[in-house]
Structure formats: structure tokens, C-alpha cells
Protein chains: 2
Amino acid sequence: MTVVDRKQLIIDAATKSFSLFGYKATTMDQVSKIANVGKGTIYTFFVNKEELFKEIVGKLIEDMIKKANSTIDPEKSFSENLHYVLYEILQFRRQHQLMIKLIQEEQEMKTPAVSDMLQEIEDAIVSFISENISIAIKKQYIKQCNPELTAFVAFRLYISLISDWEKHHQPLEKEEIADLFELYFIKGLSKENG
Amino acid sequence: MTVVDRKQLIIDAATKSFSLFGYKATTMDQVSKIANVGKGTIYTFFVNKEELFKEIVGKLIEDMIKKANSTIDPEKSFSENLHYVLYEILQFRRQHQLMIKLIQEEQEMKTPAVSDMLQEIEDAIVSFISENISIAIKKQYIKQCNPELTAFVAFRLYISLISDWEKHHQPLEKEEIADLFELYFIKGLSKENG
DNA sequence: TAATTGACCACTTTGTTCATTTGGTCAATA
DNA sequence: TATTGACCAAATGAACAAAGTGGTCAATTA
């Protein structure tokens, strides 16, 4: 056991920098400075910048799925669970921030490493949502529908609300986002419902 | 009454050139040559290149909205009309040569004048949908909601279904899209509805 | 001796220079 | 009076120079 966990120091520093400046604008020198570590040390833990990035994004996906899973309560309704999961994910400032920064970087400079990772994040999230939608359909909590397509649409709705809308308008509060999700996606706009 | 309408000649020439080469790659010299007009003549009708561009894009927006409006059928339901309008707009975006060229130019060189105009086009679309949503709320066809945000989300959701989904999956048929849009956006997934 | 480091290097990105091109003007022209 | 194209200042981009970056490794620590 070492006095300080240098690997964790590096991961924390890199996460901070990626979230703040994005992938391209983060230099390995910078990361080593923030982590109070020699630049070479980074390369004893990670083969290169992209692998360091992958580890962080992988962790982000893992944490998000884990957190979401732990929030799901089989006793509760689908819409309630969706609400809680969404709310929980919106709580993660750091991860949220990194995600927003990456979407931004993807859109305005198309850094290949970033595009790849965002695709990976999307696949993981869509696949997770898809599984849960399948379960909800089986249990007859929601209507029959294509789980993957529905998960895809839900994810896009989420991105629209957290990232795209903010480009030209006041950002939405997390309560607002959760409520809107419920209105547009669960209840629907039809007058006959809820 | 002049023998030839020089202003229209210029507009036609510029439209042709913008559609073929984009905004940046179109020179005023070129436009004057295509229009068979002295370069100076252009400046008796338009203060500068950007204003000429704006006039053409303004016309494009007008045509698009006109087209969208003509698809609205008061006999049909709100959701059907929304679907038709959005479908018509996306078809327009997809088929109109100038639109295609501008989207391409935006993506690969981010010419500011082009970005501005594309934003204006999107704003016009969202604003048009927003107005129709406001009417639908007043007539109590749908629930109370923020019309602008709802229009924005509807537009995004539609693009997701019609364009983004195709990037990694089998394209959806027009009827499928209509059904899905109705399911996700209007009825909602809740079992209690529809 | 195993872990750590930062000077170092090949390569990329960014800044600078300057000839060419382009948007826009206006005196000459029809 | 409407139209024009030679003309000019400003914008552009090609070519080169300077600075910055990812990644390595011999020297240094603990």
C-alpha cells in the first residue's frame, strides 16, 4: 500500500481537465501538473492519452449503470423508476459535466477519439434502457413497443433537453427535465390521458 | 417596365451558384457573370453579399413554411397534422439543393454566415410549429405545455426518428414514423392511456 | 532495484508573412 | 439615369517558422 494512490490521482486530474477543457485541449503535461506527478508516471499506468480517456469514460459508464441499477425498485411503477433513475443521473455533476463537454467537443470539432467514446456511451446507455424497457413490457407496465428504438428515442430526448436546448435558452432544472420527460414520453400530450 | 428584370436575374444566378458551390465559394464576380450583369449592378439592388444571401434564404424559408402550411388539414387530428408538417419540412430539407449545400458547408467549414442562416431556418421551423402548438393548446386538443420547448423537442424527436436512427439501423417507413411519433409523443407509453 | 521523473525528440499545431483574390466603390459610359 | 468594369482596400490562404504536444528513456530517487 502506497502513501498516495498515484493512479487515482492521475484519473482524478484527467477527469477534472477533460470535464473542464475537453479531450483535445487537455495536455498530458497539464494532467501531470494537476495530479502532482511526473509526466512519465502517467505512462506507467496508461499506454497513452486515449487509453487514459477510455478508462475514465468506461468508469463513467459503469458508475452510471451501477447507480441507475441500484435506484430501480421493482415494487415501484415504470414511470416512477424512470423518474428516479433520470434524477439520479442528473445529480452526478462531474459525470454530467464531462458528458456535456464531450457532446460539445464532438459537435464543434469532431475529435475522432471523442466521437468514438460518445458512441460507446450511447450504445451502453441505450442497451441498458432497452433491457429495462423489455422488462417493463413483459410485466405490462407499459405498452408494446420496439425496446431498442424506444430506448434510442428516450436517450435522444434526454440529450436534447440537457444539451441542445441550453445552446439558445436558459438551462432547465433537473426537476424540470424529469417532469418534461414524464409529460412527453410517458403520459403523452393527448388530452385524454393523465 | 424593363426588358429584363435584372434583380431577378441576379437572384437566380446567385441561387444557382450558392446551390452549386456554397456561400464561400461563390464570388460576386461569378454571380455577375452568370447573371450577365456588371458587378456594380448587383450593388444597386443589394448592400452586400450577405444581404443577397439573406434574401435568398428568406425566400427559401417562406417556401418551406408555405409548403408546410398547405399540408395542414383542419379535418385531421393534431398529431396527424404535426406529423405531416414535420415530414414535409424534413423532405424539403433533404431534397432542396441549396439546403443540402448549406448543411454540408456548415458541417465542413462552419462559415459563420451559413451557420447564422441555418439557425434562422431552424428558428423559423420551431417558431412555426410552436404557433400551431399554441393553437392546439387553446383549442384544448392537447395538454398545457411550453409551446416553444415542445416544438423544439418535437422537431428533435422527429429528426432522431427520420435521420439519426438510419445511421445504424434499417430506415423506418413513413407510416411507422407516424405511428411511433404518435405513440411516444402524443399518447405516451403509459398503460393507462390510449 | 523498482518506481518516479522531467529533459528530450519527432511530429503536430499554431502563428506569421506576403502574394493573390475578392468584396465593394465610383468615374466613365451608353 | 442606369449600367458598367477598372480599381483599391481588405480578406484569404500558401508557405514557412515558431511553439506546443504526446510519448520515451537515461538519470534519479527512495
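It should be emphasised that the depicted structure is a prediction, and the values quoted were computed from it without experimental measurement.
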ask   = Yes or no on salt bridge (Lys or Arg N to Asp or Glu O under 4.0 Å) for A:Lys174 and A:Glu88, after CA distance, side-chain angles and deciding distance?
value = CA-CA 10 Å; A:Lys174 49 184 188 296; A:Glu88 203 57 55; over 6 Å; no
inquiry  = If I take atom CG in residue A:Leu9 and atom C1' in nucleotide C:dT4, what distance separates them, rounded to the nearest angstrom?
reply    = 14 Å
task = Take the angle between the ring planes of B:His169 and B:Trp165 and call it parallel below 30°, perpendicular above 60°, tilted in between.
result = parallel
key: d(CD1, A:Ile42; P, D:dC25) in whole Å   = 17 Å
task = Between A:Asp29 and A:Gly40, name the one whose nearest nucleotide on DNA chain D is closer to the 5' end.
result = A:Asp29
task = Starting from P on D:dA10, measure out to CG on B:Asn48 and report it in whole angstrom.
result = 16 Å
ask   = Touch check for B:Thr41, heavy atoms < 4.0 angstrom, all strands: base, sugar-phosphate only, or nothing?
value = base
inquiry  = Over all strands shown, is B:Lys33 touching base, sugar-phosphate only, or nothing at heavy-atom distances under 4.0 angstrom?
reply    = nothing
task = Assign A:Lys49 to base, sugar-phosphate, or nothing according to its heavy-atom contacts below 4.0 angstrom with the strands shown.
result = sugar-phosphate
request  = Go through C:dT5, D:dT21, C:dG23 for me and flag the one nearest to the B:Thr27 side chain.
outcome  = C:dG23
request  = Would you mind telling me which residue lines up with the more 5' stretch of DNA chain C, A:Thr44 or B:Met28, judged by nearest nucleotide?
outcome  = A:Thr44
remark   = The nucleotide from D:dG5, C:dT4, D:dT4 with an atom nearest the side chain of A:Phe45 is C:dT4
remark   = Between NZ of B:Lys39 and C1' of C:dT21 the distance, given in whole Å, is 10 Å
query = What heavy-atom pair brings B:Glu105 and B:Gly22 nearest, and what distance separates the two atoms?
reply = OE1-CA, 3.2 Å
request  = Figure out the CG/P separation between A:Asn36 and C:dG6, and round it to whole Å.
outcome  = 10 Å
task = Could you check how far CD of B:Gln30 sits from C1' of D:dG5, rounded to whole Å?
result = 17 Å
query = For A:Tyr23, is the NZ or CZ atom of A:Lys49 found under 6.0 angstrom from the centre of its six-membered ring and inside 45 degrees of the ring axis?
reply = yes
task = Please state whether the rings of A:Phe155 and A:Tyr158 are parallel, tilted or perpendicular, taking 30° and 60° as the class boundaries.
result = tilted
Closest to the B:Lys24 side chain, choosing from D:dT12, D:dG23, C:dT5 = D:dT12
request  = Check whether any side-chain nitrogen or oxygen of B:Arg6 sits under 4.0 Å from OP1 or OP2 of D:dT3, and answer yes or no.
outcome  = yes
ask   = A:Tyr43 OH to D:dA26 P: how many Å, rounded?
value = 18 Å
